[in-house]
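Take a look at the structure set out below.
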Amino acid sequence: MSTVLPRSDFLRIASERGFVHQCTDMAALDEKLRAGPLAAYVGYDCTADSLHVGHLISIMLLRLWQNTGNRPVVLLGGGTTRIGDPSFRDESRPLLTDAQIEANKRGIRGVFEQFLAFGDSGPGAIEVDNASWLDELRYIPLLREVGVHFSVNRMLTLDSVKQRLEREHSLTFLEFNYMILQSYDFRELNRRHGVAVQMGGSDQWGNIVMGADLIRRMDGAEAFGLTVPLLTTASGQKMGKTASGAVWLNADRLAPFGYWQFWRNTEDPDVGKFLRLFTDLPMAEIARLEVLQGAELNAAKAVLATEATALLHGRAAAEEAAKAASGDSAAGLPVIVVPEIADGIAAFALVQRAFGLASNAEARRQIRGGGVRLNDAPVTDEALVIGAASLAEDGAARLSLGRKRQVLVRAA
RNA sequence: GGAGGGGUGCCCGAGUGGUUAAAGGGGACGGACUGUAAAUCCGUUGGCGCACGCCUACGUUGGUUCAAAUCCAACCCCCUCCA
């Protein structure tokens, strides 16, 4: 939008690395940032027990925010998850129980420690849960204090709900309140922690703008919104799907090897973009990598995979995954223990177990389709009994499904 | 509350008594080709130790029938319009 280049470290780097989609007032925010450190927050609802790559771009933005001297605030939506954000969704989210939400919250919080430095002083990151204030709200006071600042006319025009209405799907009053509570969060964080900026995905634009407005109306304070682009792959797919579903950030949902593979399989035109967003590599280095042509670009993908994996799972795990992928070592492959292999187990049953397939039938299909290899030899007979003879001296057999999924199976 | 429309497999959507595990499309997965990319082409896409057979499935429950996603009843849910 603006032809004037930002002069604050944060906005300058965020812009050149491709993080900025929309900003409520780029010039004013730039000015503020140059005057001194600020606090910004991103909210994450506890809808699953792990975040996934779709969340990663905002986490990387918080990281950049901190690295440029500002304080990141991680908001876990223990309260708002009980509502369910309707933005750009056709149907209501399933209502989660409080116990599920609590469990999800526990699963999610760990990942931030990989990317941010927590602490009370200076730019130290802090974590808050909006349940701590939302739970205490009383209805009539809330309506009188906050509700008066919202125009239903305006809320109905937001893109985030328009499609739902136009397609004649039900939008419940429960869900319609989501944006009010998110706005309230922003105001609350502004009061409690001086948070002046809310960042988030582009789908959050409407909710964020409403919050900034609320702060201005209620407290006369200045607040900013900044959104990151919604990432799609070059071929137009929503990013973050892989062979076995979402690309989870928690290792118990997706092992480092699988995470590495996800990045390794980046489409050619996306390599530069992803290097800028998801690694800390200097721009000059990225410029060198992204111009590689044809098969040489694979080297850049390997760098992307290793760097991105190192940020999440640590350098050692990333190196192991890289080695496993190149075939140099099996150390980085996920290990699955299948005791029955000692006595012999049918190929389809082994495949089902090793890759967590939905059914034996699916495993059979994969074998029939020629997608399964055992120690690099194709498995063609779905009923083939696989036993101890297939295990190498180290007691493991290498089982592959397609080109991208590999595990080591052991008897114990 | 009233009137009308609708609920089909991961999604969209056809199907108004048997030949329907349910057309078609999308997505997904596998294969071929490649560079572990894209594009293209081919295959698969309910379960069961699975050629046979059995079981489960078209909002829910019950009924009619030799036979139901298809007919009937009640109920649940969604949409539109009207007070």
Side-chain angles (χ1 to χ4, degrees), chain A residues 86 88-92 94-95 161 163-175 232-247 257-275 289-306 308-309 321-328 332-333 340 343-374 376 378-386 398-407:
Chain A
F88 297 100
R89 300 189 118 240
D90 255 6
E91 314 218 333
S92 306
L95 286 178
V161 299
Q163 179 186 314
R164 175 85 153 257
L165 299 171
E166 281 169 359
R167 296 183 96 200
E168 303 185 344
H169 285 206
S170 150
L171 177 70
T172 65
F173 186 64
L174 173 78
E175 297 172 280
T232 53
T233 65
S235 49
Q237 302 303 314
K238 197 183 283 180
M239 184 182 154
K241 284 295 172 65
T242 185
S244 33
V247 179
F257 179 73
Y259 190 72
W260 193 94
Q261 285 293 344
F262 167 74
W263 293 107
R264 172 61 184 80
N265 285 296
T266 297
E267 292 177 28
D268 286 7
D270 291 327
V271 172
K273 180 166 82 176
F274 288 0
L275 282 166
L289 287 169
E290 71 174 327
V291 296
L292 294 174
Q293 291 299 313
E296 290 188 359
L297 190 58
N298 284 337
K301 293 183 189 181
V303 172
L304 167 64
T306 301
T309 305
K323 272 195 214 153
S326 64
D328 291 351
L333 293 179
E340 292 90 330
D343 303 323
I345 179 170
F348 67 83
L350 180 64
V351 169
Q352 188 278 126
R353 284 265 215 104
F355 298 103
L357 302 183
S359 65
N360 286 340
E362 187 182 345
R364 287 171 186 278
R365 270 182 239 122
Q366 295 293 4
I367 293 170
R368 280 181 215 151
V372 174
R373 278 159 292 126
L374 177 67
D376 289 326
V379 176
T380 50
D381 178 5
E382 60 200 59
L384 176 76
V385 174
I386 294 169
R398 185 166 171 146
L399 193 64
S400 321
L401 175 59
R403 280 229 68 81
K404 296 161 193 170
R405 281 180 278 181
Q406 286 194 43
V407 297

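Source: prediction; values computed, not measured. Lettering follows sequence order; numbering is per chain, from 1.
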(request) Report the distance from atom CD1 of A:Ile367 to atom C1' of B:G31, rounded to the nearest whole Å. (result) 15 Å

(message) Any side-chain to backbone donor/acceptor pair from A:Asn265 onto A:Gln261? Under 3.5 Å, distance only.
(response) yes

(message) In whole Å, I'd like the distance from the CG atom of A:Asn265 to the P atom of B:A28.
(response) 14 Å

(request) Look at A:Arg353 together with A:Glu340 and state whether they make a salt bridge at an N to O cut-off of under 4.0 Å. (result) yes

(request) Identify the nucleotide, in any strand shown, that forms a Watson-Crick or G-U wobble pair with B:A74, with both distances under 3.5 Å; if there is none, say none. (result) B:U60

(message) For a quick check of understanding: with a heavy-atom distance under 4.0 Å over all strands, which category does A:Gln261 fall into, base, sugar-phosphate or nothing?
(response) base

(message) Ignoring hydrogens, what is the shortest heavy-atom contact between A:Thr266 and A:Lys301? Give both atom names and the distance.
(response) O-NZ, 2.8 Å

(message) Regarding A:Ala349, tell me which of base, sugar-phosphate or nothing describes its non-hydrogen contacts under 4.0 Å with the strands shown.
(response) nothing

(request) Ignoring hydrogens and angles, answer whether the base of B:G47 and the side-chain atoms of A:Asn360 contain a donor-acceptor pair closer than 3.5 Å. (result) no

(message) Go nucleotide by nucleotide along RNA chain B from the 5' end; which of A:Val385 and A:Arg403 gets its closest nucleotide reached first?
(response) A:Arg403

(request) Using atom CZ of A:Phe348 as one end and atom C1' of B:U44 as the other, report the distance to the nearest whole Å. (result) 18 Å

(request) Searching all strands shown, indicate the nucleotide that pairs with B:A38 (Watson-Crick or G-U wobble; both distances under 3.5 Å). (result) none

(message) Using a 4.0 Å heavy-atom cut-off, does A:Gly294 contact any base of the nucleic acid, only the sugar-phosphate backbone, or nothing at all?
(response) base

Please table the atom pairs, donor to acceptor, closer than 3.5 Å between any side-chain atom in residues 367-374 of chain A and protein atoms at least two apart or in another chain.
unit_1: A:Arg368; atom_1: NE; unit_2: A:Glu382; atom_2: OE1; d: 2.9
unit_1: A:Arg368; atom_1: NH2; unit_2: A:Glu382; atom_2: OE2; d: 3.3
unit_1: A:Arg373; atom_1: NH2; unit_2: A:Gly402; atom_2: O; d: 2.5

(message) Does B:G30 have its OP1 or OP2 closer than 4.0 Å to a side-chain nitrogen or oxygen of A:Arg405?
(response) yes

(message) Using a heavy-atom cut-off of 4.0 Å across all strands, would you classify A:Arg365 as base, sugar-phosphate, or nothing?
(response) sugar-phosphate

(request) Check the distance between B:G30's C1' and A:Lys404's NZ and give it to me in whole angstrom. (result) 11 Å

(message) Is the shortest side-chain heavy-atom distance between A:Val407 and A:Leu333 below 4.5 Å?
(response) no

(message) Nearest whole Å is fine: how far is B:A38 P from A:Lys273 NZ?
(response) 15 Å

(message) If you define the side chain from C-beta out and look only at heavy atoms, does anything of A:Asp343 sit under 4.5 Å from A:Ile345?
(response) no

(message) A:Glu296: which residues meet the salt bridge (charged side-chain N to carboxylate O under 4.0 Å, His left out) condition with it, sequence neighbours left out?
(response) none

(request) Please tell me which of the listed nucleotides, B:C48, B:U36, B:C50, lies nearest to the side chain of A:Arg364? (result) B:C50

(request) Both distances under 3.5 Å, Watson-Crick or G-U wobble: report the partner of B:A14, or none. (result) none

(request) Provide the closest heavy-atom pair for A:Trp260 versus A:Ala325 in the form atom of the first, atom of the second, distance. (result) CZ3-CB, 3.2 Å

(message) I want to confirm an ordering. Mapping A:Glu382 and A:Leu171 to their closest nucleotides on RNA chain B, which one lands closer to the 5' end?
(response) A:Glu382

Identify all pairs in which a protein N or O lies below 3.5 Å from an N or O of nucleotides 7-10 of chain B, and state each distance.
none

(message) With a 3.5 Å limit on both atom pairs, tell me what B:A67 is paired to, counting Watson-Crick and G-U wobble, or say none.
(response) none

(request) Could you tell me which nucleotide pairs with B:G53 by Watson-Crick or G-U wobble geometry, both distances under 3.5 Å, or answer none if nothing does? (result) B:C48

(message) Taking 4.0 Å as the cut-off, does a side-chain nitrogen or oxygen of A:Thr266 come that near to OP1 or OP2 on B:A37?
(response) no

